[in-house]
Amino acid sequence: MKIAIGCDHAGYDLKKEVVKFLNEKNVEVIDCGCNGESCDYPDIAQKVCAEVTSDNVDRGVLICGTGIGMSIAANKVNGIRAAVCSEHFSVKYTRLHNDANVLCMGARVIGAGIALELTDIFISTQYEGGRHQRRLDLISNLEKQNN
Ligand code: RB5
């Protein structure tokens with residue numbers, strides 16, 4: 001398992017906790033910034049999404065203040081299915097049903113304890129496929145219409 005991770009200034013402290021957690025689980029991590037300095041979350045989302053869509057990593061994690069800005073930016077990238085999650089049910093089902101490939105979290109919304117558990121579910125839950133694939137194909141069609 002290889003994960004690309006990124007944050008803006010609001011998500012930096014939480015990102016450090018998530019990186020430590022992933023390292024302890026022997027998950028390879030590519031850190032796309034920032035390093036605590038003030039920055040614009042779409043730039044970081046773009047970097048993490050490029051790692052995901054190029055198949056250089058299995059999945060991505062993005063952290064900002066709410067997780068929402070990162071998810072809006074990430075979902076503009078073809079092939080990205082980014083989900084903002086702040087509780088366990090959503091992260092489980094966005095993997096099972098949506099094959100979400102980017103997890104977005106809000107550092108001003110959830111604490112590190114929840115964030116690490118959400119990250120754990122995100123990396124360990126496999127997509128169910130089956131009837132859900134038809135819906136993901138329809139999402140891909142929407143992307144093609146926009147190009
Ligand atoms: C930064 O202040 C904040 O706007 C950003 O981290 C994020 O919450 C945007 O969605």
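Predicted, not measured: the structure shown is a model, and the values here were computed from it. One-based numbering, in listed order, for ligands and for the atoms of each.
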Revision key, fill the gap. Smallest heavy-atom separation, Cys39 atom then Ile44 atom, equals SG-CG1, 4.1 Å

Exercise for review: Could you pull out every protein residue that has a heavy atom closer than 4.0 Å to ligand 1, ordered by chain and then number?
Suggested key: Asp8, His9, Ala10, Tyr41, Cys64, Gly65, Thr66, Gly69, Arg108

Check your understanding: Where is the tightest heavy-atom contact between Ile30 and Asn56, given as atom of each residue plus distance?
Key -> CD1-ND2, 3.5 Å

Review point. Under 3.5 Å, is there a donor-acceptor pair linking the side chains of Gln145 and Asn141?
Key: no

**Study point:** Basic-acidic side-chain contact under 4.0 Å: Asp137, Arg134
**Key:** no

Revision key, fill the gap. Value for CE (Met105) from OG (Ser71), rounded to nearest 0.5 Å, stands at 12.5 Å

Review point. Does a side-chain N-to-carboxylate-O contact under 4.0 Å join Asp99 and Arg95?
Key: yes

